[in-house]
Amino acid sequence: MSVHFSTKPLSGDLKRLSVRGGAATFAGQGVKFVLNLGSVMVLARILTPQDFGLIAMVTALTGFIMIFKDLGLSMATVQRAEINHGQISTLFWINVALSVLLMLITLALAPAVAWFYQDPRLAAVTAALSSAFLFSGLTVQHQALLSRQMRLSAVMIIDVLSMIVGILTAMLCAWTGLGYWALVWMQIATAAAHAVGVWIACGWIPGRPVRHSGVRSMTAFGGYLTGFNFVNYFARNLDNILIGRFCGAESLGLYSRAYSLLLFPIGQITAPISAVAVPALSRLQKEPERYRRFYLKAIKLIAYISMPLVAAMGTLSMEIVQLILGNVWLDAAPIFMVLAFAAIWQPVGSTVGWIFVSGGQTKRMFAWVCLAAPLIVLSFIIGLPWGAIGVATGYAVCNLLLVIPGFSFALKGSPISVRDVVAVLYRPLAMSVIIALTMT
């Protein structure tokens with residue numbers, strides 16, 4: 001079997017590879033955090049809340065459509081015990097064909113986006129951002145092969161370098177007076193640089209698609225995962241659509257910056273651990289006790305870092321917004337504080353996806369999101385009359401109510417119990433409450 005597809009060399013040294021990959025990813029996430037923070041501080045002082053709001057209006061659509069360029073086939077490649085060249089080549093061309101189709105659909109929808117938000121500038125922005133679909137479709141299977149082989153250092157280096165390319169492009173455009181187009185070109189340049197980097201690092205060259213290559217079960221796995229992503233994205237991004245449509249670009253700009261400012265540091269914690277956890281847990285499917293210990297250690301690490309951090313950030317919301325975004329953005333501080341209440345649970349709650357995906361249970365994952373999504377949507381609608389702060393409050397309350405049911409549903413049939421999770425989480429949660437009360 002080709003070196004690109006075999007995971008046998010990993011089985012005897014999974015712990016070392018997990019630790020090494022996690023360390024490299026954490027280091028890379030730290031670099032990305034500094035780069036993102038620096039770019040936000042600079043761009044927020046050159047561009048306006050309306051500039052960011054305009055892009056947020058379009059990315060609510062393009063981010064949703066982006067779900068389908070993958071069809072869950074990257075995780076199918078990572079999770080599958082054995083794969084071959086014919087299967088991955090077939091999946092590659094499926095992803096490419098889908099990315100071209102989605103690019104054309106986005107182009108066709110550009111006038112409708114401008115009509116919906118009643119802003120003619122959005123037609124050109126939507127058309128330009130559609131090009132990112134092609135670059136993304138070209139990288140799905142190559143990046144999946146890198147993750148499957150636990151080559152997480154290479155993945156992180158590519159992410160950092162492509163991010164630098166995008167940031168430099170955005171700053172150059174902003175300084176030359178291109179306004180919101182700086183944010184458009186940042187996304188396109190990042191996607192193009194990432195595609196080049198992934199192909200160079202992976203080294204795999206796809207062949208022709210092969211009929212009867214055994215991809216049907218992989219597409220079924222990916223189909224349910226895509227269904228989950230479809231419903232989940234719609235539910236969790238309807239807030240942007242509603243605020244943009246009924247409250248305007250400035251309100252959406254404040255809301256989206258507050259949301260991004262809060263979630264980005266959390267992502268620096270969860271992303272590297274997730275990058276290690278999903279392939280590692282997939283390799284441990286037949287070893288339930290090792291599986292259980294790995295998962296509980298991972299969520300314990302996430303909880304002890306993220307919960308106190310979010311509690312402190314929520315308490316210092318005004319100071320953080322003023323320092324990073326500037327005085328023009330102070331109206332985002334109350335939104336930031338409310339969203340912090342929801343975010344204190346989000347990093348740990350998101351790990352239920354590891355259980356579903358590593359165990360090949362994407363059908364149950366899809367069933368759960370179909371139960372939870374209507375409640376999330378309802379929370380947005382209930383809060384909308386009070387504007388962006390009302391939407392944030394509705395989401396925070398709903399997120400809290402769904403934590404325990406989400407774990408109960410995901411852990412059923414796994415070697416992990418809800419009691420195991422509670423035993424891990426109550427100490428970092430208590431620590432977070434003490435931190436918030438002390439800093440108030």
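Throughout, residue positions are numbered sequentially from 1 according to the sequence presented.
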Counterpart residues, ring pair (Phe, Tyr, Trp, His ring centres under 6.0 Å), relative to H194 (two or more places apart): none

Counterpart residues, ring pair (Phe, Tyr, Trp, His ring centres under 6.0 Å), relative to W368 (two or more places apart): F409

With D119 via salt bridge (charged side-chain N to carboxylate O under 4.0 Å, His left out) - residues at least two apart: R121

Does any non-hydrogen side-chain atom of [Y] lie less than 4.5 Å from one of [X]?
X    : Y    : value
L146 : H142 : no
Q187 : T59  : yes
L252 : Y117 : no
L325 : L261 : yes
S39  : M171 : yes
S432 : I344 : yes

Determine yes or no for a side-chain-to-main-chain donor-acceptor pair under 3.5 angstrom, with [X] supplying the side chain and [Y] the backbone.
X    : Y    : result
T351 : P347 : no
W199 : L138 : yes
T48  : D51  : yes
S256 : A56  : no
R257 : A332 : no

With rounding to the nearest 0.5 Å, note down the distance linking [atom1] in [X] to [atom2] in [Y].
X    : Y    : atom1 : atom2 : result
T126 : L107 : OG1   : CG    : 9.5 Å
S99  : L134 : OG    : CG    : 5.0 Å
L35  : I167 : CG    : CD1   : 4.5 Å
I389 : I243 : CD1   : CD1   : 10.0 Å
F52  : W329 : CZ    : CH2   : 5.0 Å
T169 : L183 : OG1   : CG    : 12.0 Å

Validation row, ring centre W345 to ring centre F407 under 6.0 Å: no

Test side-chain contact (heavy atoms from CB on, under 4.5 Å) applied to L400 and F341, step by step: CA-CA 9 Å; L400 171 61; F341 182 75; 3.9 Å; yes

Least distance between heavy atoms, P49 atom then E250 atom: CB-CG, 4.4 Å

Nearest non-hydrogen partners of A174 and L47, listed with the distance: CB-CD2, 4.4 Å

F116 six-ring face occupied by R245 cation (under 6.0 Å, within 45°): yes

Distance-only polar pair, side chains of N399 and Q346, donor-acceptor under 3.5 Å: no

Donor-acceptor side-chain pairing of D239 and Y255 below 3.5 angstrom: yes

Stepwise side-chain contact (heavy atoms from CB on, under 4.5 Å) check, M439 with I435: CA-CA 6 Å; M439 298 179 68; I435 289 173; 3.6 Å; yes

Evaluation steps, side-chain contact (heavy atoms from CB on, under 4.5 Å), between L54 and V125: CA-CA 9 Å; L54 287 170; V125 171; over 6 Å; no

Ring geometry between Y259 and Y395 (parallel below 30°, tilted from 30 to 60°, perpendicular above 60°): tilted

side-chain contact (heavy atoms from CB on, under 4.5 Å) evaluation trace for W204 with F92: CA-CA 11 Å; W204 173 68; F92 170 82; 4.1 Å; yes

